[in-house]
Engineer: 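So that we are looking at the same thing, I have put the structure below in structure tokens.
Given the structure is predicted, the values throughout are model-derived calculations rather than measurements. All residue numbers refer to positions in the sequence shown, counting from 1.
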Amino acid sequence: MPDASVRLAIYRHFAAHGVPPSRAALREQCDLGDAELDAALERLDAGRAIVLAPGSHDLWMAMPFSAVPTDYRVDWGAASGFANCAWDALGIAAALATDATITCPDPLDASPLTVRVRGGVVMPDSHVVHFAVPAVRWWDDIGFT
């Protein structure tokens with residue numbers, strides 16, 4: 001099955017460019033036709049390796065990366081992109097083992113908030129991340145959490 005090559009192509013593209021690969025790029029890189037690519041994407045979605053946008057074969061998430069703009073912008077190296085939440089924003093820096101700058105609105109007053117990860121250390125260390133939904137329930141509605 002081509003699932004592993006599709007998943008790897010998705011993550012490599014996100015890491016290098018901050019955005020998901022196009023369907024054409026995935027088909028070409030993985031040497032798949034439309035039906036084969038759709039089947040691989042469906043299996044990856046069913047296995048929670050990626051999340052497809054509801055009712056489509058369009059990539060929505062490849063945790064910690066978001067395929068759509070969110071409030072959590074992450075800049076790393078020569079690329080930048082979006083995370084799905086505060087946890088995933090930190091996860092991008094961890095997954096890529098790189099320094100990163102995260103910008104998002106402060107939940108108290110919506111003012112810009114900047115968090116930096118340098119050498120694996122979150123700065124400033126005075127921030128608190130609150131999860132309104134317990135992690136065990138995230139997949140009940142992954143688009144909301």
Side-chain angles (χ1 to χ4, degrees), residues 2-30 32 34 37-145:
D3 301 10
S5 64
V6 171
R7 185 177 186 190
L8 186 58
I10 289 169
Y11 278 95
R12 282 184 173 158
H13 199 276
F14 264 118
H17 306 286
V19 296
S22 67
R23 287 183 57 82
L26 281 176
R27 280 194 314 269
E28 181 179 328
Q29 187 172 356
C30 300
L32 299 173
D34 280 329
L37 177 59
D38 288 347
L41 291 170
E42 289 170 9
R43 287 188 297 271
L44 290 169
D45 179 73
R48 297 182 176 173
I50 62 169
V51 179
L52 297 176
S56 78
H57 289 102
D58 296 330
L59 194 61
W60 192 13
M61 302 175 200
M63 285 70 80
F65 302 100
S66 175
V68 298
T70 69
D71 284 343
Y72 301 90
R73 181 179 175 84
V74 184
D75 297 291
W76 66 90
S80 63
F82 294 96
N84 303 296
C85 62
W87 181 258
D88 282 350
L90 295 170
I92 289 174
L96 299 178
T98 189
D99 293 345
T101 301
I102 301 160
T103 54
C104 62
D106 186 308
L108 297 177
D109 62 10
S111 64
L113 180 66
T114 301
V115 176
R116 291 176 179 77
V117 179
R118 299 292 183 263
V121 177
V122 178
M123 301 182 299
D125 62 3
S126 59
H127 295 302
V128 174
V129 176
H130 171 74
F131 299 98
V133 177
V136 70
R137 307 266 333 248
W138 288 354
W139 283 96
D140 291 353
D141 184 355
I142 196 64
F144 169 73
T145 55

Engineer: Using side chain to side chain donor-acceptor pair (under 3.5 Å) as the criterion, list what pairs up with Ser111, not counting sequence neighbours.
Structural biologist: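 Expected list: Asp109.
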Engineer: Could you pull out the closest heavy-atom pair between Ile50 and Ala62, with the gap in Å?
Structural biologist: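 Heavy atoms only, the tightest pair is CG2-CB, 4.2 Å.
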Engineer: Report yes if some heavy atom in the side chain of Trp60 is under 4.5 Å from a heavy atom in the side chain of Val68; otherwise report no.
Structural biologist: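 Yes, close enough: below the 4.5 Å cut-off.
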Engineer: For Ser80 and Arg73, work out which heavy atoms get closest and say how close.
Structural biologist: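 The answer is OG-NH2, 2.8 Å.
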Engineer: Where do Pro2 and Ser5 come nearest, in terms of heavy atoms and distance?
Structural biologist: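 Closest heavy-atom pair between Pro2 and Ser5: O-OG, 2.8 Å.
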Engineer: Once you round to the nearest 0.5 Å, how far does CZ of Phe65 lie from CG of Leu96?
Structural biologist: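 So the gap between those two atoms works out to 4.5 Å.
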Engineer: Scan residues 87-105 for pairs that pass side-chain hydrogen bond (donor to acceptor under 3.5 Å, both in side chains), counting only residues two or more places apart or in two chains.
Structural biologist: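 Listed once each, the pairs are Asn84-Asp88, Thr101-Arg118.
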Engineer: Nearest heavy-atom pair of Ala93 and Ala100: which atoms, and what distance?
Structural biologist: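 Smallest interatomic distance, heavy atoms only, reads CB-CB, 3.8 Å.
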Engineer: Check ring pair (Phe, Tyr, Trp, His ring centres under 6.0 Å) between Tyr72 and all other residues, then give those that pass, not counting sequence neighbours.
Structural biologist: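 Expected list: none.
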Engineer: Please round to the nearest 0.5 Å and tell me the distance separating atom CG of Leu26 and atom CG of Leu32.
Structural biologist: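 One finds 8.5 Å between CG of Leu26 and CG of Leu32.
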Engineer: Which pair of heavy atoms, one from Ser66 and one from Thr70, lies closest together, and at what distance?
Structural biologist: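 Minimum heavy-atom separation between Ser66 and Thr70: OG-CG2, 3.4 Å.
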Engineer: I'd like to check His57 versus Arg23 (side-chain heavy atoms, cut-off strictly below 4.5 Å). Are they in contact?
Structural biologist: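 His57 vs Arg23: side chains touch.
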Engineer: Minimum heavy-atom separation for Ala79 and Ala15, please, with both atom names.
Structural biologist: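 Taking every non-hydrogen atom into account, CB-O, 4.1 Å.
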Engineer: Take Leu41 and Ile10 through the test side chain to side chain contact (heavy atoms under 4.5 Å, CB included) and record every step on the way to the result.
Structural biologist: CA-CA 10 Å; Leu41 291 170; Ile10 289 169; 4.1 Å; yes
Engineer: Could you grab the distance from atom CD1 of Ile102 to atom CZ of Arg116, nearest 0.5 Å is fine?
Structural biologist: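 Rounded to the nearest 0.5 Å, the CD1-CZ separation comes out at 10.5 Å.
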Engineer: Measuring from atom CG of Asp38 to atom CZ of Arg27, what distance do you get when rounded to the nearest 0.5 angstrom?
Structural biologist: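 It comes to 9.0 Å.
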Engineer: Could you grab the distance from atom CG of Leu37 to atom CD of Glu28, nearest 0.5 Å is fine?
Structural biologist: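 Those atoms lie 12.5 Å apart.
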Engineer: Just how far is it from atom CD of Glu42 to atom CG of Asp3, taken to the nearest 0.5 Å?
Structural biologist: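 Nearest 0.5 Å value for the CD-CG distance: 10.5 Å.
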